[in-house]
Amino acid sequence: MRASAKRKAALIILLWGWLIPVPVFAGAYAAIVKDAELTLQDEDYLLSGEIQYRLSPKATDALKNGVPLFWAVNIRIQRQRDFWWDETIVEKNLRFKIQYQALLNVYRVRNEDSGEGGNFSSLASAMDALSSIRYVPVLNKSTLADGERYTAGLRVLFERELLPLPLRPLAYLNPQWYLSSGWYLWNMKN
């Protein structure tokens with residue numbers, strides 16, 4: 001193989017390496033979706049789930065110094081198809097924030113969409129409150145067609161873009177800031 005052909009092949013491999021997104025999780029510090037389910041109540045499907053958030057030392061230090069941390073919980077329901085890509089029926093995001101209030105010596109957890117939240121005296125109790133999702137309406141039963149197969153998915157994304165500007169470059173380079181989860185998937189019963 002000629003040298004120019006080798007260079008072209010190496011360049012193509014390098015470009016593909018930059019273009020293909022690779023999910024990176026911090027392992028010991030990543031969020032984990034432990035359980036999720038959709039239950040039918042009246043005519044609506046309601047989401048309940050358990051998420052384990054494991055903060056890294058860097059994230060814990062930033063939080064204790066007043067930096068708010070944000071997560072988006074993504075919910076997706078897709079209709080399975082045999083010959084085409086699965087069709088997305090519903091895609092919904094729930095945004096959560098945790099922040100330490102030094103003057104009050106409390107951790108504040110807030111659902112950014114509904115405005116609901118609470119104050120907690122310890123980080124552990126605040127993380128417990130953040131970990132539980134209960135009875136969030138996702139879709140109406142009439143949205144789903146009889147006889148079709150559906151898949152539901154839930155994941156947690158740490159929103160590094162909402163960190164203070166001086167902290168963002170470090171958050172993109174340091175694996176202690178990769179606090180997201182992978183997809184937790186399950187088949188829906190229609």
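Residues R95 and L162 form a side-chain contact, since some pair of their non-hydrogen atoms from C-beta on lies under 4.5 Å apart. Two residues are said to be in side-chain contact when any heavy atoms from C-beta on lie closer than 4.5 Å; V156 and V33 meet this criterion. Considering only heavy atoms from C-beta on, L63 comes within 4.5 Å of I98 through its side chain. Contact annotation: the side chain of R54 approaches that of I32 to within less than 4.5 Å [non-hydrogen atoms, C-beta and beyond]. Between E91 and N74 there is no side-chain heavy-atom pair separated by less than 4.5 Å. Contact check for L163 versus L69: side-chain heavy atoms found under the 4.5 Å cut-off. Looking at heavy atoms from C-beta onward, Q101 lies in side-chain contact with Q99 at the 4.5 angstrom threshold.
With hydrogens and angles ignored, the 3.5 Å screen pairs no side-chain donor or acceptor of Y53 with any backbone N or O of A30. With K97 contributing its side chain and R108 its backbone, the two residues share no donor-acceptor pair below 3.5 Å. At least one donor-acceptor pair under 3.5 Å links the side chain of N65 to the backbone N or O of D61. In this structure, Y29 contributes its side chain and P57 its backbone to no donor-acceptor pair below 3.5 Å. In terms of modelled atom types and a separation under 3.5 Å, the side chain of T143 and the main chain of N140 share a donor-acceptor contact. Between the side chain of D86 and the main chain of R81, a donor-acceptor pair closer than 3.5 Å is present. Side-chain atoms of R155 do not come within 3.5 Å of backbone N or O of G182 as any donor-acceptor pair.
Put simply, OG on S131 and NZ on K34 are 10.5 Å apart, with the number rounded to the nearest 0.5 Å. For the atom pair OG1 (T60) and CD (Q176), the distance works out to 9.0 Å, reported to the nearest 0.5 Å.
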_Before you tell me yes or no, could you show the steps for R160 and L167 under side chain to side chain contact (heavy atoms under 4.5 Å, CB included), namely the whole-Å CA-CA distance, both residues' side-chain angles and the distance that decides it to 0.1 Å?_
CA-CA 9 Å; R160 289 178 279 185; L167 190 54; over 6 Å; no
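In this structure, K92 does not pair ionically with D113, as no charged nitrogen and carboxylate oxygen lie closer than 4.0 Å. Residues K141 and E43 are not paired through a salt bridge, judged by the lack of any N-O separation under 4.0 Å between the basic side chain and the carboxylate.
Ring centers of W71 and F96: at least 6.0 Å apart, outside the cut-off. With ring centers used as reference points, F120 lies 6.0 Å or more from Y107.
Side-chain contact of N187 with Q80: a donor-acceptor pair under 3.5 Å is present, judged by distance alone. Using modelled atom types, one finds a donor on one side chain and an acceptor on the other under 3.5 Å when comparing T88 with Q78. One side chain, E161 or Y172, offers a donor N or O that lies under 3.5 Å from an acceptor on the other.
For the side-chain contact (heavy atoms from CB on, under 4.5 Å) with W186, the lone residue among T151, D35, L154 that qualifies is L154. Each of L139, V136, T39, I77 was checked for a side-chain contact (heavy atoms from CB on, under 4.5 Å) with Y45, and the lone residue meeting it is L139. V138 pairs with exactly one of L46, V90, I89 by the side-chain contact (heavy atoms from CB on, under 4.5 Å) rule, that one being V90.
Between R110 and G115, the shortest heavy-atom contact is NH1-O, 3.7 Å. Across all their heavy atoms, A145 and Y150 have their closest contact at N-OH, 2.9 Å.
The environment of K58 atom NZ is sparse: at most 12 non-hydrogen atoms of other residues, nucleotides or ligands sit within 6.0 angstrom.
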